[in-house]
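The structure appears below as structure tokens.
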2 protein chains.
Amino acid sequence: MATERRRATIYDVAQAAGVSKSLVSLVLRDSPSVSAPRRAAVLAAIKELDYRPSQAATALAGGTSQTVGVVIDDYTNAWFVELLRGLQEGLASAGLRIAVSDRTLNTHVESDPLDGFLSTRVEALVLATEPTPAMRFSSQIPVIVVGNRATQVPGADVASSDDRLGTRQAIEHLVSLGHRNIGHIGGGGGSSMLRLAGYQEAMKAAGLDEHVVSVSELTTEDTGYRCTQRLLDEDPDTTAILAANDSMAMGAMAAAQAAGLSVPGDLSIIGYDNSPLSGTHLLHLTTVDSRNHDLGLHVAQQVLSRLADPGRDAQRVLLEPLLIERGTCAAPRRP
Amino acid sequence: MATERRRATIYDVAQAAGVSKSLVSLVLRDSPSVSAPRRAAVLAAIKELDYRPSQAATALAGGTSQTVGVVIDDYTNAWFVELLRGLQEGLASAGLRIAVSDRTLNTHVESDPLDGFLSTRVEALVLATEPTPAMRFSSQIPVIVVGNRATQVPGADVASSDDRLGTRQAIEHLVSLGHRNIGHIGGGGGSSMLRLAGYQEAMKAAGLDEHVVSVSELTTEDTGYRCTQRLLDEDPDTTAILAANDSMAMGAMAAAQAAGLSVPGDLSIIGYDNSPLSGTHLLHLTTVDSRNHDLGLHVAQQVLSRLADPGRDAQRVLLEPLLIERGTCAAPRRP
DNA sequence: CTGAAAGCGCTTACAG
DNA sequence: CTGAAAGCGCTTACAG
């Protein structure tokens with residue numbers, strides 16, 4: 001029944017509750033200046049009519065979308081999930097919702113995911129991706145860049161994990177186990193460069209020779225496999241490998257297996273990201289946790305403080321990563 | 001410069017282009033009844049002013065959001081990615097965009113992701129998740145259920161892959177290799193039940209005894225590991241395992257490894273989903289492809305045809321899955 | 001094509 | 001608290 005009836009509006013609710021339209025609006029926005037009985041009457045009418053405020057009308061009349069746009073690279077990248085969760089948690093109390101745009105998903109449709117967000121009039125823009133030229137000049141709205149990026153966005157806040165420190169910790173762990181022949185496999189991008197730098201610093205500090213292999217910009221399981229093959233080929237005495245991320249570490253494990261090397265007996269491996277993958281029985285991978293959930297929470301704070309004070313100086317948040325010891329590291333057989 | 005200026009509206013564009021407001025509106029919606037020179041003038045003004053139509057105003061005035069809401073379980077589930085891509089491709093030509101809501105993400109915030117979508121006035125709802133009670137009565141708007149679900153939504157279209165056929169194909173493949181002791185590990189949910197049924201049918205058809213192990217509703221790597229341990233414990237003569245999905249298959253590989261069994265030498269394993277995981281060097285897993293991209297395309301067609309003809313009968317689409325042969329199956333050592 | 005007008009469903013003061 | 005009013009930025013006929 002009532003299938004053909006049009007959607008209930010605020011007028012219908014007011015009429016059903018026997019109050020004014022303004023009062024309904026006040027109840028909707030949780031105004032304290034509404035008496036309990038009237039509030040109850042309005043809520044009852046809302047429920048009765050299955051009324052839901054039109055987001056379009058609310059946004060247009062209120063002049064605010066109450067939405068934060070988030071651009072990510074690709075849904076398949078697991079680190080976004082925890083980031084989004086933290087971000088949403090931190091924003092929810094302020095009544096802000098998030099809208100997510102996958103860059104690869106939109107690539108065939110719009111020139112830039114930014115377009116949609118600007119039409120939506122998002123309150124702020126969170127870029128968990130390498131900023132495109134258009135994103136560098138988004139002006140008007142607050143921008144928070146998440147992660148270590150090659151491109152700078154003028155005036156934007158930045159929040160990231162201290163990738164350089166993370167790989168330094170990983171190398172120190174391997175060195176403390178007695179490893180001296182430690183290779184690094186990596187790819188391109190801002191994070192990869194910092195992780196490489198941390199590796200180099202720590203190796204230098206320990207008085208050890210570097211051995212870095214990279215076969216492409218990508219940091220996939222396949223490139224990890226190929227990098228490891230080359231690394232083991234170039235230096236068969238390698239006893240440990242630090243990968244730029246868990247996917248590459250997974251590839252390293254496959255290459256070790258193919259070479260007849262046991263992990264961690266013959267070869268120790270450390271990943272990066274503490275992805276769901278790394279916690280599996282099959283990998284049980286020692287890795288570095290970037291604390292993406294915490295990062296999301298910090299980003300939420302940056303969004304809120306920026307909205308409260310649009311004129312404030314740009315902030316930088318740098319989180320300390322955590323080494324997660326699991327089963328892929330051991331003392332080398334031949335130190 | 002122009003930092004403090006308010007956003008350009010359709011009035012500003014009209015004025016800058018020296019035309020009427022109505023004409024701008026026509027250009028925005030690609031009306032053919034606009035002369036080339038005027039259209040060019042309007043487009044130039046739009047570019048000049050960096051004008052972007054307000055989505056809220058467009059939706060409110062036009063009475064249509066041009067948005068399709070998609071509810072998924074969890075961003076970490078890789079099969080959604082291809083589904084979303086196909087869906088978006090199929091919807092883009094009709095000018096429809098998609099909005100995605102992650103159920104676990106929203107669980108702490110709204111009672112139901114449906115609320116947000118109804119406020120947005122989405123044109124249609126795509127449920128790639130087990131429908132909640134609220135979703136069963138969404139009424140008014142078209143609903144398309146994707147995947148094999150335990151719950152029915154009255155009047156909704158359904159699109160899914162033929163899971164039962166998929167596991168049947170998998171078992172037939174194992175049988176043709178000479179396996180007779182084939183176990184199945186699974187969990188709960190609509191897909192799992194159908195995959196189980198396909199296993200049972202094929203085993204029966206081949207005159208073989210079933211051996212099914214399930215330790216929980218979940219179909220994770222961990223449950224796959226534990227199911228396999230139990231299965232091997234209950235029947236050490238098992239030569240092949242069919243898992244309800246790739247994650248469980250990964251757990252099976254870990255359990256085989258822990259038990260000192262080589263894959264596929266001692267034990268053949270087949271997964272399901274053809275996830276990115278299954279294609280890695282480390283797994284190189286034989287699996288079944290559900291053709292999720294195609295599924296997304298079909299769902300898009302269902303959305304469009306339903307919007308074109310709201311009164312049409314509910315449709316069912318059932319896609320034939322594809323067995324992907326990789327490296328985890330071989331003839332059994334002891335047939 | 002133009003131009004004036006009404007309306008989409010809300011929010012926001014504001015006088016009572 | 002109410003009630004009438006203006007306005008958010010568009011779309012949609014409609015007379016010219």
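Side chains are part of it too, since the values below use all heavy atoms of this structure and drop only hydrogens, waters and symmetry mates. Chain letters run A, B, ... following the sequence lines, proteins first, then strands; residues in each count from 1.
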Rounded to whole Å, please give me the gap between NZ in K21(A) and C1' in dG7(D). 11 Å
Under 4.5 Å between any side-chain heavy atoms of S290(B) and W79(B), yes or no? no
Close side-chain approach of R29(A) and S25(A), heavy atoms under 4.5 Å: yes
When L23(B) and S25(A) are each assigned the nearest nucleotide of DNA chain C, the 5'-most assignment goes to L23(B)
Could you state the atom-to-atom distance from CG of L60(B) to C1' of dG9(D) in whole Å? 9 Å
Would you say that I141(A) contacts V122(A) through its side chain, given a criterion of any heavy-atom pair below 4.5 Å between the two side chains? yes
Is any side-chain N or O of R38(A) closer than 4.0 Å to OP1 or OP2 of dT2(D)? yes
To the nearest angstrom, the CD-C1' distance between Q55(A) and dC8(D) comes to 15 Å
Can you tell me the distance, in whole Å, between the CZ atom of R7(B) and the C1' atom of dC10(D)? 15 Å
So, are R312(B) and D309(B) salt-bridged, with charged N and O less than 4.0 Å apart? no
What is the distance from CD1 of I46(B) to P of dC10(D), rounded to the nearest Å? 10 Å
Can you check the I10(B) CD1 to dG3(C) P distance for me, whole Å? 14 Å
Using a 4.0 Å heavy-atom cut-off, does S54(A) contact any base of the nucleic acid, only the sugar-phosphate backbone, or nothing at all? sugar-phosphate
Touch check for G63(B), heavy atoms < 4.0 angstrom, all strands: base, sugar-phosphate only, or nothing? nothing
Quickly work out the R121(B) CZ to dC10(C) C1' distance and round it to whole Å. 11 Å
How close or far is atom P of dT12(C) from atom CG of L26(A), stated in whole angstroms? 10 Å
With side chains defined as the heavy atoms from C-beta onward, is the minimum distance between D102(A) and L84(B) less than 4.5 Å? no
Using a 4.0 Å heavy-atom cut-off, does T9(A) contact any base of the nucleic acid, only the sugar-phosphate backbone, or nothing at all? sugar-phosphate
Selected nucleotide, minimal atom distance to L28(A) side chain, candidates dT11(C), dT2(D), dG9(D): dT11(C)
Taking OP1 and OP2 of dG7(C), is either one under 4.0 Å from a side-chain nitrogen or oxygen of Y11(A)? no
Hey, does the side chain of R29(B) come within less than 4.0 Å of dT12(D)'s phosphate (OP1/OP2), counting only N and O? yes
With hydrogens left out and only the distance checked, is there a donor-acceptor pair under 3.5 Å joining S22(A)'s side chain and the base of dA5(D)? no
Quick one: look up who dA4(D) pairs with, Watson-Crick or G-U, both distances under 3.5 Å, and put none if it's unpaired. none
